[in-house]
Asker: 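Once you've had a glance at the structure underneath, I'll fire off some questions.
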Amino acid sequence: MKLNMHRYEEIWLICGVSLLVAFMLVTGYQTFALDMGPPSHMETIDPQKVDQTAPFDKPGVHKIGDGEYEVVMTLESFAFSPYEIEIPAGSTVHFILTSKDVTHGFEVAGTNVNAMVMPGYIQKITQKFGEAGEYLVVCNEYCGAGHQYMSTIIKVV
Ligand code: CUA
């Protein structure tokens, strides 16, 4: 069977399909060959039992070494817990995050920290805070009526 198509239509179609294939090859190469898949997301957790599951049974800021801190945090509509985080300037902070209900976002303004926090998964992300100041943390995944109020502050002193 021969499709009755105009020449230009045919060329346009070939261009479109080629671009699609090219994008898929680039994305596939980045994901598998360059290992640029989403960070962590390998560790799972029962979202119903977050409060009873370590390390989330003790959320907060924990010093784990010289200039090194661990922030264990749970996210739920519409709050970050712990609410206030204070760390000395120059510290490296390892965030360990999970959600107790729906998918939330964890974005620290002025840094490269931008993570999706999904229920059932443990998200880990590390950031060095060199300069003192107040860093605004916002949820950047729409999570319900109070989404726009979901924010906190990281105080670097
Ligand atoms: Cu949490 Cu939007």
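Since the structure is predicted, the reported quantities are computational estimates derived from the model, not experimental observations. Atoms within a ligand are numbered from 1 in the order they appear, just like the ligands themselves. Heavy atoms only: backbone and side chains are in, while hydrogens, waters and symmetry mates are out. Position 1 is the first residue of the sequence; numbering continues from there.
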Asker: What atom name does the N, O or S atom of His147 nearest to atom 2 (Cu) of ligand 1 carry?
Answerer: ND1
Asker: Look at His104 and state whether any of its N, O or S atoms is less than 2.8 Å from atom 2 (Cu) of ligand 1.
Answerer: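 It does not; every qualifying atom lies at 2.8 Å or beyond.
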Asker: Show the numbers, then the answer: is there a side-chain hydrogen bond (donor to acceptor under 3.5 Å, both in side chains) between Asn140 and Glu107?
Answerer: CA-CA 7 Å; Asn140 58 8; Glu107 181 177 349; 2.8 Å; yes
Asker: I need the single residue from Met150, Glu141, Gln123, Met118 that forms a side chain to side chain contact (heavy atoms under 4.5 Å, CB included) with Leu75. Which is it?
Answerer: Met150
Asker: Find, among atoms of Glu141 that are N, O or S, the one nearest to atom 2 (Cu) of ligand 1, and state its name.
Answerer: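 Closest N, O or S atom of Glu141 to atom 2 (Cu) of ligand 1: O.
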Asker: If you have a sec, read the angle at atom 1 (Cu) of ligand 1 from Cys143 atom SG over to Met150 atom SD, to 10 degrees.
Answerer: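 Seen from atom 1 (Cu) of ligand 1, SG and SD are separated by roughly 120°.
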Asker: Is it true that some N/O/S atom of Tyr142, main chain or side chain, lies under 2.8 Å from atom 1 (Cu) of ligand 1?
Answerer: no
Asker: Between His104 (side chain) and Lys100 (backbone), is there a donor-acceptor pair under 3.5 Å?
Answerer: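 Here the side-chain-to-backbone pair does not exist.
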Asker: Considering only heavy atoms from C-beta outward, does the side chain of Val113 approach that of Phe106 to under 4.5 Å?
Answerer: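 In short, these two side chains touch, coming nearer than 4.5 Å.
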Asker: Does the side chain of Val93 come within less than 4.5 Å of Phe95's, by heavy atoms?
Answerer: yes
